Amino acid sequence: MRDPARAADLLDWYDRHARDLPWRVGPRARAAGIRPDPYRVWLSEIMLQQTTVPAVKPYFEAFTTRWPTVSDLAAAEDADVMAAWAGLGYYARARNLLKCARVVAAEHGGVFPQGLEGLLSLPGVGPYTAGAVAAIAFDIPATVVDGNVERVMARLHAEHTPLPQAKPILTEMAAALTPQERPGCYAQAVMDLGATICSPRNPACGLCPWRSACAAWEAGTMAELPKKAPKKRKPTRLGIAYLVRRVDGAWLLERRPDKGLLGGMLGWPGSEWGEAPEEAPPIAAEWKALNTEARHTFTHFHLRLTVKTALVPMDRPPERGEFVEAEDFDPKDLPTVMRKAYDLARSG
DNA sequence: TACCCGTGGCT
DNA sequence: TAGCCAAGGGT
């Protein structure tokens, strides 16, 4: 059940209010025949997964400056890409980003697949990202459903089924509205609407191009939609991190395994994180515990990290990890929890 | 299916 | 302050 008039209202709004974003080719430029670079569209969509536009901007600029094409990225060192991603979170995205770039370079001649199925087969590309790249880069009328679209649909149709149960229903609603004309602009428009007008709190209904059709507006229930299943509370885990400095200034660091939390990232050697962590010093040394813990909250638990420091001589080999020369070490290459531990150690 | 996986800004 | 929230995918 298509509704071209509804889509047209939104496209009209988008033509007047589209945000200017570094990875976006705006409606005017698109109308003039300028096509977005699929590499930049894909890169931005991966970075934007569960991540806000302001957080993504500097990373997008850094990546596209350093690796202007997908083939450049495919040729990068793993450690360089992980370091460049440090701080952005969800590090599996970075590992899959590199995998995907290498697949595109090696198996597709450096050209992104131009259909939904081909895109979906790429590492790190799921239904949302495949749809977004297909629509935005290739003007395929794919239905794009992210958190914004779910919210817009739940309100537009006053759907009170809680997420994630409501996902298939909301997806069907979104599909029914997706137009054949200007699918790239439409995909960006409906997400912009959710991001700027139909926001989670205090939606700006007075400015909404779909207000007259909105069931939640009619019923006054905008603020309670979409319904969500109650969340579990996060447990607190404890851990110990060992920050070892060699007398020449080198730091003792350890590459974390590819799978699991902070997979593939550099970090300080440490204990397991749990209810009662056992000491696990990576080198023989005289330890000094800082009087302040590093606190950090991950997706599903809180962490309180005790930081212990030591200074060791040149000739003492570590049992775990490797010394990184001071000139090769940049705390910005660390995931945030590790950088917090570093900041604490430096400030005393 | 349910769980795993970061981060920073906002209220 | 503690919880909520954001352009999800993998397993």
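A, B, ... follow the sequence lines: proteins, then strands. Residue 1 opens every chain. Note that these values count all heavy atoms, side chains included, but never hydrogens, waters or copies made by symmetry. Please read all numbers here as calculations on a predicted model, not as lab measurements.
Across all strands, A:Lys232 comes closer than 4.0 Å only to sugar-phosphate atoms, never to a base (heavy-atom distances). Nucleic acid contact class of A:Lys228 (heavy atoms, under 4.0 Å, all strands): sugar-phosphate only. Note on A:Val144: nothing from the nucleic acid sits closer than 4.0 angstrom, heavy atoms only. Within the nucleic acid shown, A:Gly87 comes within 4.0 Å of sugar-phosphate atoms alone, with no base atom in reach, counting heavy atoms only. Using a 4.0 Å heavy-atom cutoff across all strands shown, A:Leu262 reaches sugar-phosphate atoms only and no base atom. Using a 4.0 Å heavy-atom criterion, one finds that A:Lys234 contacts no nucleic acid atom at all. If you check every strand for non-hydrogen atoms under 4.0 Å, A:Gly260 touches sugar and phosphate atoms only. Using a 4.0 Å heavy-atom cutoff across all strands shown, A:Pro335 reaches sugar-phosphate atoms only and no base atom. Among the protein residues, A:Thr129 comes within range of the sugar-phosphate backbone only, with heavy atoms under 4.0 Å from sugar or phosphate atoms but none that close to a base.
Ion pairing of A:Arg95 with A:Asp78 is absent here, as no side-chain N (NZ or NE/NH1/NH2) approaches a carboxylate O to less than 4.0 Å. No salt bridge links A:Asp20 with A:Arg24; every basic N to acidic carboxylate O contact stays at or beyond 4.0 Å. Between A:Arg102 and A:Glu107 there is no salt bridge, since no side-chain N of the basic residue sits under 4.0 Å from a carboxylate O of the acidic one. Using a 4.0 Å cut-off between charged side-chain N and carboxylate O, A:Glu275 and A:Arg237 make no salt bridge. Salt bridge A:Arg28/A:Asp15: absent, no basic N to carboxylate O contact under 4.0 Å. Ion pair A:Asp72/A:Arg66 not flagged as a salt bridge, since none of the NZ, NE, NH1 or NH2 atoms sits closer than 4.0 Å to an Asp/Glu carboxylate oxygen.
With the nearest nucleotide of DNA chain C identified for both A:Lys259 and A:Gln50, A:Gln50 has the one nearer the 5' end. With the nearest nucleotide of DNA chain B identified for both A:Asn202 and A:Phe298, A:Phe298 has the one nearer the 5' end. Where A:Arg201 and A:Gly194 each meet DNA chain C at their nearest nucleotide, the meeting point lying more 5' is that of A:Arg201.
Screening A:His300, A:His302, A:His296 for a ring pair (Phe, Tyr, Trp, His ring centres under 6.0 Å) involving A:Phe298 leaves a single residue, A:His296.
For the OP1/OP2 pair of C:dA6 and a distance below 4.0 Å, the side-chain nitrogens and oxygens of A:Tyr90 include no atom meeting the criterion. Listed pair A:Lys231 / C:dC5 meets the phosphate criterion, a side-chain N or O lying under 4.0 Å from OP1 or OP2. Taking only side-chain nitrogens and oxygens, A:Arg295 never comes nearer than 4.0 Å to OP1 or OP2 of C:dT1.
Nearest nucleotide to the side chain of A:His300, out of B:dC5, C:dG8, C:dA6: B:dC5.
Applying a 4.0 Å cut-off to non-hydrogen atoms, the residues of residues 16-26 of chain A that approach DNA chain C are A:Arg19, A:Leu21, A:Trp23, A:Arg24, listed by residue number.
Under 3.5 Å, the side chain of A:Thr336 and the base of B:dG6 form no donor-acceptor pair of N or O atoms. Scanning atom types as modelled, no donor and acceptor separated by under 3.5 angstrom connect the side chain of A:Tyr128 and the base of C:dG8.
Heavy-atom contacts from other residues, nucleotides or ligands closer than 6.0 Å to CG of A:Asp248 number more than 12.
Going from the P atom of B:dG6 to that of C:dT11 covers 14 Å, rounded to whole Å.
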